[in-house]
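Counting convention: from 1, in listed order, for ligands and their atoms alike. Remember, predicted model here, so these are calculated numbers, not experimental data.
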Amino acid sequence: MVNLPEKAVPRGELFDRMRERKQQDADWRGGKTWSLIYPAGEEVDEILREANGLYLFENALNPMRFPSLRQMEREVVEMTAGLLHAPEGAGGCMTSGGTESILLAVKTARERARAERGVTKPELLAPVTAHPAFAKAAAYFGLEHKQIPIGADLRADVAAARNLITDQTAFMMGSAPNYPHGVVDPIPELAALAAEHGIAFHVDSCLGGFLLPFLERLGHPVPPFDFRIPGVSTLSADVHKYGYCTKGASVLLHRSRDSMQIHQAFIYQDWPGGIYGSAAMAGARPAAPIAAAWAVLNGLGWEGYLQLAQRILDATKRLQEGIRSIEPLHVIGEPVMGVFCFGAEGADIMAIGDVMDDRGWHLDRQHGPDALHLMVSPEHDRIVDPFLADLRDAVAQHGTSRGVEARYSE
Ligand SMILES: Cc1ncc(COP(=O)(O)O)c(C=O)c1O
């Protein structure tokens, strides 16, 4: 066990030790990771460094003390609402990430179902491909978690969803897109089904919220997924994914600001310490993610995001064409953006992943079907050729998989 040192470690030594430890970490700057970080280039990194530095010490708990933070948070929410076509009367807040946004959406839906429909044993319906944050929300907030199966196109099966609805269903959702296969669930059909039964419907656009609007503007086919669909109640979009912000920044939007204020916000007045209120789950909140999100959104604008989206489209096309040209690899399903996975007919794809690991490429593994997973960021356009060359070798050389090793994906 490590104890607090009696004497201060000299500053130089301190940072030498950290740098040395850091050498074990993934080489994301070299484009060798495919999740967790979304590299967009040195110019974006500089904006993020400066914005984080400027707000490193402030606390976003009390918006009265730091009005600049309140203003930036409001503007980040408004810019996101604009991108995703939230209507007049919509509300929203920033959270620490996709998981917190999802937890809050589920908690809000549970309160709403209790208040409006007298639901006492709430149930949550989510496709099997939904992010584990929905299972977590169900576990935290006491909802029964029911999984909607997917069809041959890997999207939620709407007829199966209909059969799972009961008078206790409090929450339904679809992903735009989901993490495993990068496909968008049939959001209009699922949202209409939810609306028919008075059930809150959430779109998990944590991955797509800051990429799909730009792909749509570029003329790329994007299935309907945002507030233009009438039954959508809430939507999560992560600035710290394809918004390219440093970690700790997501936006949760509500079609109805009133519903957010009534069912999400928390106010406590019986404390000797004074009135305590918070919109999201955290108490003290770091200011830097709010500042960084505001800075990157303004620092890129439509122009910057469109350029980065085009780089993703180009790199994804080259990667998918390259993968398809290597026997027996195939891209799974019809992914909508740079998030996709690929398998190998009759070969051990996990063993291919092991050879890629040995060459420093960090590919997440997944099952059902077995596959290796990629999330393409703008900076990946530099490494398409070396990646494909290593992949070709890995397919030629692979033996059998090293087998079980716990691997965490996003
Ligand atoms: C589709 C989707 N939703 C939600 C999340 C959760 O986001 P976070 O890791 O920021 O909590 C992820 C993470 O990758 C995701 O891919």
Side-chain angles (χ1 to χ4, degrees), residues 26 28 33-39 76 80 84 93-107 124 126-140 145 147-148 150 154-156 171-185 187 190 201-212 215 222-223 225-226 232 234-253 280-282 285-286 288-290 292-293 296 312 333 335-341 362-366 371 373-377 407-410:
W28 63 270
T33 55
W34 297 94
S35 62
L36 302 169
I37 295 172
Y38 300 72
V76 168
T80 312
L84 297 161
C93 65
M94 286 190 71
T95 70
S96 60
T99 300
E100 187 184 348
S101 292
I102 288 164
L103 292 175
L104 284 170
V106 173
K107 185 254 179 207
L124 172 153
V128 288
T129 44
H131 191 271
F134 293 93
K136 190 180 200 174
Y140 277 15
H145 178 203
Q147 289 192 315
I148 306 170
I150 52 173
L154 306 170
R155 303 177 340 132
F171 179 94
M172 287 175 62
M173 60 79 59
S175 306
N178 65 33
Y179 172 90
H181 310 124
V183 300
V184 176
D185 285 318
I187 305 290
L190 289 171
F201 185 82
H202 180 79
V203 177
D204 177 6
S205 203
C206 286
L207 282 172
F210 286 95
L211 184 52
L212 295 179
L215 297 185
V222 171
F225 75 101
D226 61 21
V232 172
T234 49
L235 182 151
S236 47
D238 291 357
V239 205
H240 72 197
K241 292 193 171 68
Y242 283 100
Y244 312 115
C245 187
T246 31
K247 293 301 169 228
S250 169
V251 175
L252 173 63
L253 296 172
M281 297 188 72
R285 284 199 302 156
I290 297 174
V296 74
I312 290 179
V336 69
M337 44 187 249
V339 176
F340 69 98
C341 63
H362 301 273
L363 292 154
D364 288 334
R365 314 298 204 267
Q366 52 186 50
H373 192 261
L374 295 184
M375 301 226 272
V376 183
S377 287
R407 288 190 179 87
Y408 294 91
S409 48
E410 289 235 336

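- Checked against a 3.5 angstrom limit, the closest N/O atoms of T99 and ligand 1 fall inside it.
- In this structure, the side chain of E100 does not engage the main chain of A280 through any donor-acceptor pair within 3.5 Å.
- Looking at N178, its side chain never comes within 3.5 Å of a backbone N or O of T129 through a donor-acceptor pair.
- The residue from I150, V183, I148 that alone fulfils the side-chain contact (heavy atoms from CB on, under 4.5 Å) condition with R155 is V183.
- The ring of H373 has its center closer than 6.0 angstrom to the ring center of Y179.
- Distance from atom 3 (N) of ligand 1 to its nearest protein heavy atom, with residue and atom name: D204 OD2, 2.7 Å.
- Of all protein heavy atoms, the one closest to atom 7 (O) of ligand 1 is K241 NZ, 2.8 Å.
- Taking distance alone, with nitrogen or oxygen atoms compared against 3.5 Å, H240 approaches ligand 1 more closely than that limit.
- Ligand-side atoms of ligand 1 in range of Y179: 16 (O), range being under 4.0 angstrom from any heavy atom.
- With hydrogens and angles disregarded, a donor-acceptor distance shorter than 3.5 Å links the side chain of Q366 to the backbone of P180.
- Although no hydrogens or angles enter the test, the distance criterion places a donor-acceptor pair under 3.5 Å between the side chain of D185 and the main chain of A156.
- Looking only at protein heavy atoms, the nearest one to atom 12 (C) of ligand 1 is H131 CD2, 3.2 Å.
- At a 3.5 angstrom cut-off on N or O pairs, N178 does not count as close to ligand 1.
- Residue D238 has at least one heavy-atom neighbour below 4.0 Å for each of these atoms of ligand 1: 7 (O), 10 (O).
- Across all non-hydrogen atoms, the minimal contact from H362 to W34 is O-CD1, 3.4 Å.
- Residue G98 has at least one nitrogen or oxygen atom sitting less than 3.5 Å from a nitrogen or oxygen atom of ligand 1, judged on distance alone.
- Residue contact check: I102 has heavy atoms under 4.0 Å from atoms 4 (C) of ligand 1.
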